[in-house]
Amino acid sequence: MYAIVEIAGQQFKVAKDQKVYVHRLQEAEGSKVTFDNVMLIEDKGNVTIGAPAIEGAGVTAKILGHLKGDKVIVFKKKRRKGYKKKNGHRQYLTEIQIEGISASGVKKAAAKKEAPKAEVKEESKDLSSMTVAELKALAKEQGISGYTSLKKAELIEALSK
């Protein structure tokens, strides 16, 4: 049984008990993670393909450690110009071990709910996006006197009170 799963923006073909080096993950060493963006699962000749991901499928893995990869040398040169630049880096990686592949029954991580914003800020934002004619009509509805000679900034100030 194997699966093609997206981990940290890259797709990997993984099987049970396989060790994989992926881009650095935020979780601590020894913790377990679940990847729910599974594109394909093959089980004893039965292939299930997602569009783009399989609903309810997941891959569980254990983080074995965080490390740095081999040094990558970046060398740039323009011939006959005397231009040479040598640079390099070591990529931050995380080693994970695949513990299991499940075709169904994995719940997606719940998205964090944002606190509702105050209505006063939304009204002031709406007022600034309105035209002068719309602001004058709104001032007329609210019974503000002398709205015809006010400028846009003054109208917004009068309406926000």
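- Side-chain contact between Lys32 and Thr60: absent, with no pair of heavy atoms (C-beta onward) separated by less than 4.5 Å.
- Among all heavy-atom pairs drawn from Leu155 and Ala139, the shortest one is CD2-CB, 4.2 Å.
- Summarising the local packing, CD of Glu157 is surrounded by 12 or fewer heavy atoms from other residues, nucleotides or ligands at distances under 6.0 Å.
- In the hydrophobic cluster analysis, where Ile, Leu, Val, Met, Phe, Trp and Tyr join through side-chain heavy atoms closer than 4.5 angstrom, Val47 is grouped together with Met39.
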Practice item. Report the C-alpha separation of Tyr83 and Lys76 in whole Å, then their side-chain angles, then the decisive distance to 0.1 Å, and conclude whether the side chain to side chain contact (heavy atoms under 4.5 Å, CB included) test is met. Key: CA-CA 8 Å; Tyr83 174 80; Lys76 298 179 183 181; 4.1 Å; yes

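- The distance from the CD1 atom of Ile4 to the CD1 atom of Ile49 is 9.0 Å, given to the nearest 0.5 Å.
- Of the possible donor and acceptor atoms, none in the side chain of Lys152 sits under 3.5 Å from a partner among the backbone N and O of Val132.
- Residue Thr34 holds its OG1 atom at 9.5 Å from CD of Glu99, rounded to the nearest 0.5 Å.
- Expressed to the nearest 0.5 Å, how far NE2 of His89 lies from NZ of Lys68 amounts to 10.5 Å.
- One hydrophobic cluster holds both Leu25 and Val38 under the rule that ILVMFWY side chains link at heavy-atom gaps under 4.5 Å.
- No continuous path of ILVMFWY side-chain contacts below 4.5 Å connects Ile63 to Tyr21, so the two sit in separate hydrophobic clusters.
- The two residues Glu95 and Leu67 have their closest heavy-atom pair at CB-CD2, 4.1 Å.
- Few gaps surround CD on Gln10; more than 12 heavy atoms of other groups in view lie less than 6.0 Å from it.
- The shortest non-hydrogen separation linking Leu93 to Arg24 is O-NE, 3.3 Å.
- For the atom pair CD of Gln97 and CD of Gln18, the computed distance is 9.5 Å after rounding to the nearest 0.5 Å.
- By the 6.0 Å contact criterion, NZ on Lys136 is enclosed, its count of non-hydrogen atoms from other residues, nucleotides or ligands being greater than 12.
- Following chains of ILVMFWY side-chain contacts shorter than 4.5 Å, one cannot reach Leu40 starting from Phe12, and the two form parts of different hydrophobic clusters.
- Between the OG atom of Ser31 and the CD atom of Gln26 there is a distance of 11.0 Å, given to the nearest 0.5 Å.
- Each of Ile7, Ile96, Leu64 was scored for a side chain to side chain contact (heavy atoms under 4.5 Å, CB included) with Val20, with one residue passing: Ile96.
- The two residues His23 and Gln91 have their closest heavy-atom pair at ND1-NE2, 3.7 Å.
- Around the CG atom of Asp70, the shell of radius 6.0 Å holds no more than 12 heavy atoms that belong to other residues, nucleotides or ligands.
- Remark: side-chain polar atoms of His66 are paired, donor with acceptor, to backbone N or O of Glu27 under 3.5 angstrom.
- At least one donor-acceptor pair under 3.5 Å links the side chain of Arg90 to the backbone N or O of Gly69.
- Taking CG of Asp36 as the start and CD1 of Ile54 as the end, the distance is 12.0 Å to the nearest 0.5 Å.
- Looking at every heavy atom in both residues, Ala57 comes nearest to Ile41 through CB-CD1, 3.8 Å.
- Minimum interatomic distance between Ala15 and Ile98 (heavy atoms only, all atoms of both residues): O-CB, 3.3 Å.
- Note on Leu135 and Ile144: same hydrophobic cluster, where clusters join Ile, Leu, Val, Met, Phe, Trp and Tyr whose side-chain heavy atoms are under 4.5 Å apart, directly or indirectly.
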